[in-house]
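Contents: one structure, followed by commentary.
Along the sequence shown, residues are numbered consecutively beginning with 1. Note: hydrogens, waters and symmetry copies are ignored here, and every other heavy atom, side chains too, is used.
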Amino acid sequence: ADIDGLKCSASKLLAEGNENAINIVGEVNNHWAVFKLKKQQCEQYLLFTTHLYTQIRDVDTNIRSLRQLIKVHKAKATNATYNEFQALKSGVLQQSSEIVRQSETM
């Protein structure tokens, strides 16, 4: 009778162990899925911020060009330099507002 009782207890322990193992595997899989999602989100964020950084750098370059044009224009004002200045200024303003718009969607 004791052997049957031990077998029964062993079976119950084995069943509980299997159930616990299944639950742990499920939890690990859930954590892994969450980790992969977060990793993917981080990669997307990195791409997005790199893209924004590139755009900001372009705006910075254009602002430097604007400053140079202002110096040229002050030295000798011409319609050509004024038109170039206005076009570049318009482009910078458009780029800047696009960067702000994109960063707000993050």
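With hydrophobic clusters built from ILVMFWY side chains whose heavy atoms lie under 4.5 angstrom apart, I63 does not share a cluster with Y53. There is a path of hydrophobic side-chain contacts, each under 4.5 Å, that joins L88 to I70.
There is no side-chain donor-acceptor pair under 3.5 Å between Q94 and E98. In this model, a donor atom of one side chain and an acceptor atom of the other lie less than 3.5 Å apart for N62 and Q95.
Side-chain contact between E43 and L46 is absent, with no heavy-atom pair separated by less than 4.5 Å.
To the nearest 0.5 Å, the span separating SG on C8 from CG on L13 amounts to 10.0 Å. How far CG of N18 is from CD of E16: 10.5 Å, rounded to the nearest 0.5 Å.
Checking side-chain atoms of S90 against main-chain N and O of Q86 turns up no donor-acceptor pair under 3.5 Å.
The shortest non-hydrogen separation linking L52 to Q102 is CD2-OE1, 3.6 Å.
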Q: Please test D60 against I56 for side chain to side chain contact (heavy atoms under 4.5 Å, CB included), starting from the C-alpha separation and ending with a verdict.
A: CA-CA 6 Å; D60 184 56; I56 290 168; 5.6 Å; no
Q.
Show, in sequence, the C-alpha distance, side-chain angles and deciding distance for T54 and R57, and conclude whether the side chain to side chain contact (heavy atoms under 4.5 Å, CB included) test is met.
A. CA-CA 5 Å; T54 302; R57 202 176 59 216; 4.2 Å; yes
**Q.** Step-by-step side chain to side chain contact (heavy atoms under 4.5 Å, CB included) determination, K89 to V92
**A.** CA-CA 5 Å; K89 182 179 84 170; V92 165; 5.8 Å; no
